[in-house]
Amino acid sequence: MTASPTGAEKPRRRPYAARVPADVRREQLMDAALTIIVRDGYAAVSVDAIAKEAGVTRPVVYGVFEGGLRDLLGTLLDRQQERALTQLSEALPPEPDLSDPDRLVAETARKMIETVRSNPMVWQPILLAPVGMPAEARSRIDGDRENFVVQLTGLLELGLALRGGPVLDAEVAAHAILAILEHFGRLLLTEPDRFETDRLVSTITGLLGSLK
């Protein structure tokens, strides 16, 4: 509050949100929503909460996302899905050495671990399932998981064929690998300093070796 010439106090105005390009503001608002989701869960997300987190007013949010919260969250899901899929694709080698499945699994696990370690904001909403996750978000995550299993199953089948025939069910093994990677991914997000990459990779390869 500030004093007027007559001695009366005037209410302080809320700081004006500087004008920024629409694409920049869009990213800022989605980042603010993501911060709230990771910190407090989906139930805490609202236009007011996002505006406060981003340091802007409600009209600024609606000026970028005319459909309000639903529009913003839908766009955020699209962005996070694209980022996660891109990182998963980069973790799978473009020309894998299928003659050595053990090495392939170890290298893929290492890349995925480093990806999660260096991009926690991308993976925390996926691996830690924030409170109140909408059905649409959960459905997208489940679909992405299934796509990854399909890709990994294909790689394992090729590798097993090169080794003279299947000694295990490639699809079941793919699910097992994903479950192990997801579990260690959660450990990376909750206790990053406790679990070093080499420690996790050696354990993953050891566990998978026991499946043969």
Side-chain angles (χ1 to χ4, degrees), residues 24 27-45 49-50 52-55 73 76-94 96-97 100-134 137-138 140-149 151-152 155-156 172-212:
V24 175
E27 292 297 317
Q28 289 176 345
L29 294 175
M30 286 193 288
D31 287 343
L34 182 60
T35 297
I36 296 170
I37 291 169
V38 169
R39 184 183 64 216
D40 306 319
Y42 277 94
V45 180
I50 293 169
K52 181 178 180 180
E53 186 72 30
L73 289 180
L76 175 60
L77 286 173
D78 289 338
R79 187 188 75 172
Q80 296 305 107
Q81 182 182 46
E82 181 180 354
R83 288 181 177 180
L85 289 176
T86 297
Q87 291 176 8
L88 280 177
S89 297
E90 291 174 349
L92 292 172
D97 181 5
D100 190 352
D102 293 339
R103 182 177 179 181
L104 172 62
V105 169
E107 291 179 349
T108 301
R110 181 177 298 278
K111 289 180 181 178
M112 291 190 67
I113 288 169
E114 291 300 336
T115 293
V116 173
R117 192 186 294 279
S118 59
N119 298 275
M121 289 294 283
V122 171
W123 292 98
Q124 189 164 342
I126 296 172
L127 295 174
L128 297 183
V131 175
M133 177 181 287
R138 190 173 299 279
R140 289 193 185 200
I141 291 173
D142 289 343
D144 293 342
R145 292 175 74 255
E146 185 59 33
N147 288 334
F148 180 75
V149 167
Q151 293 182 53
L152 189 54
L155 287 175
L156 290 174
V172 173
H175 277 282
I177 291 171
L178 177 62
I180 292 171
L181 291 175
E182 286 185 331
H183 176 70
F184 284 123
R186 286 188 285 271
L187 291 179
L188 283 173
L189 293 172
T190 56
E191 301 181 81
D193 296 331
R194 181 180 175 186
F195 296 96
E196 298 177 352
T197 299
D198 288 341
R199 183 183 178 192
L200 294 178
V201 171
S202 62
T203 302
I204 290 172
T205 53
L207 288 172
L208 295 177
S210 67
L211 296 175
K212 298 179 182 179

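Counting from 1, the numbers follow the sequence of the chain as shown.
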Using every non-hydrogen atom in the two residues, find where [X] and [Y] come nearest and quote the distance to one decimal.
X: R79; Y: E27; result: NH1-OE1, 2.7 Å
X: V116; Y: G185; result: CG1-O, 4.0 Å
X: P125; Y: V38; result: CG-CG2, 3.8 Å
X: A33; Y: L76; result: CB-CD2, 4.1 Å
X: I50; Y: A32; result: O-CB, 4.0 Å
X: F195; Y: R117; result: O-NH2, 2.9 Å

Pairing residues for A44 by the side-chain contact (heavy atoms from CB on, under 4.5 Å) criterion, not counting sequence neighbours: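 Only I36, D40 meet the side-chain contact (heavy atoms from CB on, under 4.5 Å) criterion with A44.
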
Partners of S202 by side-chain contact (heavy atoms from CB on, under 4.5 Å), sequence neighbours excluded?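 Testing S202 for side-chain contact (heavy atoms from CB on, under 4.5 Å), a comparison that skips the adjacent residues, returns none.
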
Nearest-0.5 Å distance that lies between atom [atom1] in [X] and atom [atom2] in [Y]:
X: T190; Y: Q124; atom1: OG1; atom2: CD; result: 9.0 Å
X: Q87; Y: K111; atom1: CD; atom2: NZ; result: 13.5 Å
X: L200; Y: I180; atom1: CG; atom2: CD1; result: 11.5 Å
X: L34; Y: L77; atom1: CG; atom2: CG; result: 10.0 Å
X: T35; Y: M30; atom1: OG1; atom2: CE; result: 12.0 Å
X: L29; Y: E53; atom1: CG; atom2: CD; result: 11.0 Å

Check whether more than 12 heavy atoms from other residues, nucleotides or ligands sit under 6.0 Å from atom CD of E196, and answer yes or no.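 No, not enclosed.
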
Of T115, T197, D198, which meets side-chain hydrogen bond (donor to acceptor under 3.5 Å, both in side chains) against R110?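 It is D198; the other options fail the test.
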
Show every salt bridge (charged side-chain N to carboxylate O under 4.0 Å, His left out) that has at least one partner inside residues 180-193, sequence neighbours left out.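 Matches after skipping sequence neighbours: R145-E182, E191-R194.
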
Test V149 against every option in I177, D144, L178 by the side chain to side chain contact (heavy atoms under 4.5 Å, CB included) rule and name the one that passes.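 Running side chain to side chain contact (heavy atoms under 4.5 Å, CB included) over I177, D144, L178 with V149 returns exactly one hit, L178.
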
Could you walk me through whether L187 and H183 pass side-chain contact (heavy atoms from CB on, under 4.5 Å), step by step? CA-CA 7 Å; L187 291 179; H183 176 70; 3.9 Å; yes

Any W123 side-chain heavy atom under 4.5 Å of L188 side chain: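 No, side chains not in contact.
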
